[in-house]
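Working notes for the structure below.
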Amino acid sequence: MRLPGGLSLRPWEMSDAPAVREAFAEPGMERQADAPVVTVSDAGQWVGRRQEQWSRGAAFAFAVADATGTALGGVAVSDLDPRHATGWVSYWTGSAARGRGAATLGCRALADWCFAELELFRLELGHRTDNPASCRVALASGFVAEGLQRRKLVYDGIRYDVETHARLATDPAP
Ligand SMILES: CC(C)(COP(=O)(O)OP(=O)(O)OC[C@H]1O[C@@H](n2cnc3c(N)ncnc32)[C@H](O)[C@@H]1OP(=O)(O)O)[C@@H](O)C(=O)NCCC(=O)NCCS
């Protein structure tokens, strides 16, 4: 899928492993991965799990790539509930790629794809309230803030509030 600014959205490929390893090496990024990603081999396994989830229809993770095809980050929909046509959206970008709209453009395109291809009705996401950049991405991608989950997450003994957002298939395009 072509995005503005020469970006594109595509499924993860094994050749993305070095870029994935580099992104997850950044402090704080380890929480975005489902298992530690330290080596390029770990990153290859991370890509392999994304491909396996895609093949089962359990989750759909895309790389947001630049004009050269290099992965700048990822957007994904998971926790699909076909009964209610809902899904959970997440996103991240490597630190060198931030502030260029990659997460926002990727998230908007992912939402459009989820409504058109998966026929989902409601997409949900949540971010810690001390993550204003993630809130900006959510709002700019058409995800309306819905509420506060008090002290939902605990990291290193500290509990964090989470703000939830959702975008409906019937919401206006951002
Ligand atoms: C959150 C994250 C995905 C944003 O990625 P990105 O590629 O920089 O996103 P974009 O460039 O599309 O948009 C970032 C927005 O946040 C804003 N922003 C960045 N840092 C900010 C800060 N400290 N305070 C307020 N706004 C901030 C930018 O100005 C921009 O908003 P704008 O378009 O209105 O100017 C990225 O920082 C990241 O991967 N962080 C670590 C993982 C993470 O937190 N993922 C989300 C979990 S809920």
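Atoms within each ligand, like the ligands themselves, are counted from 1 in listed order. These numbers come from the heavy atoms of this one structure, side chains and all, not from hydrogens, waters or symmetry mates.
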Atom 28 (C) of ligand 1: any protein heavy atom closer than 4.0 Å
no
Flag the pair Arg122 and Asp171 as a salt bridge only when some basic side-chain nitrogen lies within less than 4.0 angstrom of an acidic carboxylate oxygen.
no
Is atom 35 (O) of ligand 1 near the protein, in the sense that some protein heavy atom lies at less than 4.0 Å from it?
no
Taking distance alone, with no angle check, do Ser134 and ligand 1 share an N/O pair under 3.5 Å?
no
Can you tell me how far the CE atom of Met29 sits from the CD atom of Glu22, to the nearest 0.5 Å?
11.0 Å
Step by step, work out the side chain to side chain contact (heavy atoms under 4.5 Å, CB included) result for Leu9 and Trp113.
CA-CA 10 Å; Leu9 208 60; Trp113 184 84; 5.7 Å; no
Proximal ligand 1 atoms for Trp92, defined as those under 4.0 Å from one of its heavy atoms:
3 (C), 39 (O)
Relative to the heavy atoms of Gly126, which atoms of ligand 1 are at a distance of less than 4.0 Å?
48 (S)
Pair His165, Arg167 - check side chain to side chain contact (heavy atoms under 4.5 Å, CB included), show working.
CA-CA 7 Å; His165 293 242; Arg167 182 172 158 187; over 6 Å; no
protein heavy-atom neighbour closest to atom 12 (O) of ligand 1 works out as Thr104 OG1, 2.7 Å
Counting heavy atoms not belonging to Arg150, are there more than 12 under 6.0 Å from its CZ?
no
Report yes or no: is the cationic atom of Arg50 (NZ for Lys, CZ for Arg) closer than 6.0 Å to the six-membered ring centre of Trp54, at no more than 45° off its axis?
no
Closest approach of any protein heavy atom to atom 8 (O) of ligand 1, naming residue and atom:
Gly99 N, 2.8 Å
Would you call the rings of Trp12 and Trp92 parallel, tilted or perpendicular, where under 30° means parallel and over 60° means perpendicular?
parallel
Met29: numbered ligand 1 atoms lying under 4.0 Å from its heavy atoms:
41 (C), 42 (C)
For ligand 1, is any non-hydrogen atom under 4.0 Å from Leu72's backbone (N, CA, C, O), its side chain (CB onward), both, or neither?
neither
Do me a favour and list the nearest non-hydrogen protein atom to atom 43 (C) of ligand 1 with residue, atom name and distance?
Gln32 NE2, 3.6 Å
Could you tell me, atom by atom, which parts of ligand 1 come under 4.0 Å of a heavy atom of Pro132?
22 (C), 23 (N), 24 (N), 25 (C)
Measuring to protein heavy atoms, does anything land under 4.0 Å from atom 10 (P) of ligand 1?
yes
Within the structure, does Gly101 bring an N/O atom to less than 3.5 angstrom of an N/O atom in ligand 1?
yes
Apply the test side-chain hydrogen bond (donor to acceptor under 3.5 Å, both in side chains) to residues Ser134 and Tyr91: give CA-CA distance (whole Å), side-chain angles for both, the deciding distance (0.1 Å), then the verdict.
CA-CA 8 Å; Ser134 181; Tyr91 41 77; 3.1 Å; yes
Does the protein place a non-hydrogen atom closer than 4.0 angstrom to atom 48 (S) of ligand 1?
yes
What protein heavy atom lies closest to atom 39 (O) of ligand 1? Include the residue and the distance to one decimal.
Thr93 N, 2.8 Å
Atom CZ of residue position Arg31 - does it have more than 12 heavy atoms of other residues, nucleotides or ligands inside 6.0 Å?
yes
What protein heavy atom sits nearest atom 33 (O) of ligand 1, and how far away is it?
Arg136 NH2, 4.8 Å
Identify the closest protein heavy atom to atom 46 (C) of ligand 1: which residue and atom is it, and at what distance?
Tyr91 O, 3.3 Å
Quick one: nearest non-hydrogen protein atom to atom 37 (O) of ligand 1, plus distance?
Arg98 CD, 3.2 Å
Heavy atoms of other groups near Gln32 CD, more than 12 under 6.0 Å:
yes
As a quick check of understanding, evaluate side chain to side chain contact (heavy atoms under 4.5 Å, CB included) for Leu148 and Thr129, giving each step before the final call.
CA-CA 9 Å; Leu148 192 70; Thr129 51; 3.6 Å; yes
Does any N or O of ligand 1 fall below 3.5 Å from an N or O anywhere on His127, backbone included?
no
Of all protein heavy atoms, the one nearest atom 44 (O) of ligand 1 is Asn131 ND2, 2.7 Å
For ligand 1, which atoms, with element, lie under 4.0 Å from some heavy atom of Arg100?
11 (O)
Is the shortest side-chain N to carboxylate O distance from Asp161 to Arg151 below 4.0 Å?
yes
Atom pair CZ/CZ of Arg10 and Arg2 - distance to nearest 0.5 Å:
12.5 Å
